[in-house]
Chemist: 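Sharing a structure, written as structure tokens. Questions coming.
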Amino acid sequence: MLEMNAVDEELRRGLGLSMKEVEPFLRAGGDAAEIKFMECCRCLWRANGAELVEPFIDAAFNKLPEKSRCVLFQRMLTIVYVAQDGERL
């Protein structure tokens, strides 16, 4: 639970939102939810890397509707593929 307190604190600092305030955005699904999820991940990554992103994803990903989870997963895979292609150059 200590990790989630740190996540909540960083979301408040970086985006002005608590985890409880983010949850309704996520449950609604669609582009706005997907964008908010990625904004949260970026904010947390910049603050402390995987240490904050992992508990956020554990807590938030399944709050998204199935279609939004699928879209986000595809986007994340695309980011990984692009990064791997960049390493080969």
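For this chain, numbers begin at 1 and follow the sequence in order.
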Chemist: Let me check something: do M19 and W45 share a hydrophobic cluster, defined by ILVMFWY side-chain heavy atoms less than 4.5 Å apart, either directly or through other members?
Modeler: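 Yes, M19 and W45 fall within the same hydrophobic cluster.
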Chemist: Ignoring hydrogens and angles, tell me if any N or O in the side chain of E21 forms a donor-acceptor pair with the backbone of S18 under 3.5 Å.
Modeler: yes
Chemist: Passes side-chain contact (heavy atoms from CB on, under 4.5 Å), E3 versus L52? Steps please.
Modeler: CA-CA 7 Å; E3 292 172 336; L52 292 178; over 6 Å; no
Chemist: Would a 4.5 Å heavy-atom cut-off, applied to side chains only, mark N48 and E10 as touching?
Modeler: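 In short, these two side chains do not touch, never coming nearer than 4.5 Å.
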Chemist: Rounded at 0.5 Å granularity, tell me how far CD in E34 sits from CD in Q74.
Modeler: 10.0 Å
Chemist: Donor-acceptor pair, distance only, cut-off 3.5 Å: does the side chain of S68 make one with the backbone of L64?
Modeler: no
Chemist: How far apart are the C-alpha atoms of L17 and R12, what are their side-chain angles, what is the distance that settles it, and do they pass the side-chain contact (heavy atoms from CB on, under 4.5 Å) test?
Modeler: CA-CA 5 Å; L17 296 170; R12 285 182 194 274; over 6 Å; no
Chemist: Search all heavy atoms of C43 against all heavy atoms of G14 and return the closest pair with its distance.
Modeler: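 Smallest heavy-atom distance, with atoms named: SG-CA, 3.7 Å.
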Chemist: Please tell me if the side chains of L72 and F61 come closer than 4.5 Å, counting only heavy atoms from C-beta onward.
Modeler: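 They are in contact (side-chain heavy atoms under 4.5 Å apart), so the answer is yes.
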Chemist: For M38 versus I79, what's the shortest heavy-atom pair and its separation?
Modeler: CE-CD1, 4.3 Å
Chemist: Is it the case that atom CZ in R42 sees more than 12 heavy atoms from other parts of the structure closer than 6.0 Å?
Modeler: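 Count not over threshold, so no.
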Chemist: Within this structure, what is the CG-CZ distance for the pair N62 and R27, rounded to the nearest 0.5 Å?
Modeler: 11.0 Å
Chemist: Can you tell me how far apart CG (L44) and CZ (R46) are? Round to the nearest 0.5 Å.
Modeler: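 CZ of R46 is found 11.5 Å from CG of L44.
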Chemist: Taking all non-hydrogen atoms of both residues, which atom of A50 and which atom of P55 are closest, and how far apart?
Modeler: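 Closest approach of A50 to P55: O-CD, 4.1 Å.
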Chemist: Do K20 and E23 sit within salt-bridge range, that is, some charged N less than 4.0 Å from a carboxylate O?
Modeler: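 Between E23 and K20 there is no salt bridge, as every charged N stays at least 4.0 Å from the carboxylate O atoms.
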Chemist: Might you point out which heavy atoms bring C41 and I57 nearest each other, and give the distance in Å?
Modeler: SG-CG1, 4.2 Å
Chemist: Are F37 and F56 an aromatic pair, judged by ring center distance below 6.0 Å?
Modeler: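 They qualify: ring centres under 6.0 Å apart.
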Chemist: I want to check something: taking the side chain as every heavy atom from C-beta on, are V22 and K36 in contact at a cut-off of under 4.5 Å?
Modeler: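 The answer is yes; the side chains approach within 4.5 Å.
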